[in-house]
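The structure appears below as structure tokens.
Values reported hereafter were calculated over all heavy atoms of this structure, with side chains retained and with hydrogens, waters and symmetry mates removed. Proteins come first, then strands; the chains are lettered A, B, ... in the order of their sequence lines, and each starts at number 1.
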Protein chains: 2
Amino acid sequence: MSSPDPFDRHDHAACRKRALAQAEAICAERLTPIRRRVLDLLLESHVALGAYDVLQRLQAEGHRAQPPVAYRALDFLVANGLAHRIERLNAFVACHRPEKCEAPAFLICRECNRVAETASASRRGALARDARALGFEIEQTVIEAQGICSGCRTS
Amino acid sequence: MSSPDPFDRHDHAACRKRALAQAEAICAERLTPIRRRVLDLLLESHVALGAYDVLQRLQAEGHRAQPPVAYRALDFLVANGLAHRIERLNAFVACHRPEKCEAPAFLICRECNRVAETASASRRGALARDARALGFEIEQTVIEAQGICSGCRTS
DNA sequence: AAACGAGACGTTATAACATAACAAGTGTGC
DNA sequence: GCACACTTGTTATGTTATAACGTCTCGTTT
């Protein structure tokens, strides 16, 4: 099992393997080699990666990729719930639990730049209540908290 | 008084005037003409403005401004709580209640692009609880919900 | 008054992020 | 075969953001 705390050390390799297997289960043949590789790049990174970071890594592996290649793969992963875009960072992280991930929230450490994914408040939070009162129909919510993780604070 | 519902029509002129007065109270002489003008541009717009939108408007008024001029003014306003950056849109909105604005959340209509500001969940929400459990110290939270406002849904 | 420092603004250049548009390859079903 | 949906390759460009340095003003120090 993965640690519930993404700031903790945990078994990265197992984590990646499981996430990739889930991705294949979700996408079947649509998880093409490029998309799979990009997902794995996100999984092996402990920090959020920008599209150009992904691009560089692809190029370092011999791909002569241009920006749209990275953006398309990332867009696909996000659309299929396999990755998340962190608006605050203009960057992307893999989703470690694509099956049971709904309305995630993120904790972004400004020191080590790691991003933890947590479950967000449900439909019953204050925001949802406010929205309902205004007749506003929420379709998607971005929740990103910046701060400092326990590891960085103590050091 | 301003309407509690930013999607409602309300007395823009009074709203702007009050917000500007509050801004002056908060910043005193540091609210320079450029900053004041940028704030007013945000106040008179019903949608979030990008930095380059602001820039265009300044230029249209005869200013020969370059991008840093807009970014500096916007950064100042955000730093002083007079405006908010909407990450999702890479754009800015004026704060209508700079005095009592803390941890705001935003409702963004994808149809009319208007942005409503609401109070976010406090320190006692699920996110704060999760963060505390992880030893993560939240310094700032971005909450942005996209959806469709009542006006746009009915039409 | 001269010297200094802080803050705001002007200006040039460039970095960083993102997408439009079109060509070309691949596989499926008709 | 051919129409189609989908993926990828490629060129070019659009959009957002900041680094770096100069200058001006004003208030304070000497």
Side-chain angles (χ1 to χ4, degrees), chain A residues 23-24 26-39 41-42 45 47-59 61-80 82-93 108 110 113 115 142 144, chain B residues 23-24 26-39 41-42 45 47-80 82-93 108 113 115 142 144:
Chain A
E24 266 158 11
I26 290 168
C27 299
E29 73 287 348
R30 296 193 65 206
L31 192 67
T32 62
I34 292 183
R35 291 167 178 173
R36 192 189 144 94
R37 184 70 194 113
V38 172
L39 176 57
L41 284 169
L42 295 181
S45 169
V47 300
L49 295 181
Y52 280 74
D53 296 328
V54 168
L55 188 57
Q56 275 190 332
R57 284 164 170 71
L58 291 178
Q59 288 171 341
E61 294 172 356
H63 261 275
R64 294 206 317 161
Q66 295 298 307
V69 170
Y71 280 102
R72 280 174 192 147
L74 290 166
D75 287 349
F76 174 88
L77 295 174
V78 169
N80 288 272
L82 304 175
H84 302 291
R85 177 181 168 86
I86 308 297
E87 297 292 340
R88 185 71 183 249
L89 303 177
N90 294 329
F92 300 83
V93 293
I108 306 164
R110 65 168 157 73
N113 288 311
V115 176
V142 170
E144 298 174 1
Chain B
E24 265 158 12
I26 291 168
C27 299
E29 74 288 347
R30 298 192 64 205
L31 191 67
T32 62
I34 292 182
R35 291 167 177 174
R36 191 189 145 94
R37 183 70 195 114
V38 171
L39 175 58
L41 284 169
L42 294 181
S45 168
V47 300
L49 294 181
Y52 281 75
D53 296 327
V54 168
L55 189 57
Q56 274 190 333
R57 283 163 170 72
L58 290 178
Q59 288 171 340
E61 293 172 356
H63 260 272
R64 293 207 316 161
Q66 295 298 307
V69 171
Y71 281 102
R72 282 175 192 147
L74 290 166
D75 289 348
F76 173 88
L77 296 174
V78 170
N80 288 274
L82 304 175
H84 303 291
R85 179 181 167 85
I86 308 298
E87 297 291 339
R88 187 68 184 250
L89 302 177
N90 295 328
F92 300 83
V93 293
I108 306 164
N113 288 310
V115 176
V142 170
E144 298 174 1

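- Using a 4.0 Å cut-off between charged nitrogen and carboxylate oxygen, Arg88(B) and Glu144(B) do not count as a salt-bridge pair.
- The CG-P distance, from Leu55(A) to dA18(C), rounds to 12 Å in whole Å.
- What separates CD of Gln66(A) from C1' of dC22(C) is a distance of 15 Å, to the nearest Å.
- When rounded to the nearest whole Å, the span between CD1 of Ile86(B) and C1' of dA17(D) equals 18 Å.
- You'll find that the side chain of Thr32(A) is closest to dT7(D), out of dT12(C), dA8(C), dT7(D).
- Here the side chain of Pro67(B) is nearest to one of dT11(C), dA18(C), dT18(D), namely dT18(D).
- Formation of a donor-acceptor pair under 3.5 Å by the Asp53(B) side chain with backbone atoms of Gly50(B) is found in this model.
- Contacts of residues 68-80 of chain A with DNA chain C (heavy atom under 4.0 Å): Pro68(A), Tyr71(A), Arg72(A).
- Not a single donor-acceptor pair under 3.5 Å links the side chain of Arg85(B) to the backbone N or O of Ala91(B).
- Side-chain proximity of Arg64(B) to dT11(C), dG10(C), dA18(C): nearest is dT11(C).
- Across the protein-nucleic acid pair, Glu29(A) atom CD and dT7(D) atom P stand 9 Å apart, rounded to whole Å.
- A distance-only check finds no donor-acceptor pair linking the side chain of Arg37(B) to the backbone of Leu58(B) [under 3.5 Å].
- Leu31(A) places its CG atom 11 Å from the P atom of dT7(D), with the value rounded to the nearest Å.
- Residue-to-nucleotide proximity on DNA chain C shows that, of Asn90(B) and Pro33(B), the 5′-proximal contact is made by Pro33(B).
- A heavy-atom distance below 4.5 Å is not found between the side chains of Phe92(B) and Ile86(B).
- Distance Ile34(B) CD1 to dG10(C) C1': 9 Å, rounded to the nearest Å.
- Remark: the backbone N or O of Ala65(A) is paired with a side-chain donor or acceptor of Gln59(A) at under 3.5 angstrom.
- Among the candidates Thr32(A), Leu49(A), Val54(A), the single residue satisfying the side-chain contact (heavy atoms from CB on, under 4.5 Å) test with Val38(A) is Val54(A).
- Distance from the side chain of Arg30(A) is smallest for dC6(D) among the nucleotides dC9(C), dC6(D), dA18(C).
- Following rounding to the nearest Å, Glu87(A) (CD) and dA17(D) (P) show an atom-to-atom distance of 12 Å.
- Heavy-atom distances to DNA chain D give each of Ala91(B) and Arg35(A) a nearest nucleotide, and the one nearer the 5′ end belongs to Arg35(A).
- For the pair Arg88(A) CZ and dC17(C) P, the interatomic distance rounds to 15 Å; values are reported in whole Å.
- Taking only side-chain nitrogens and oxygens, Arg36(A) never comes nearer than 4.0 Å to OP1 or OP2 of dT7(D).
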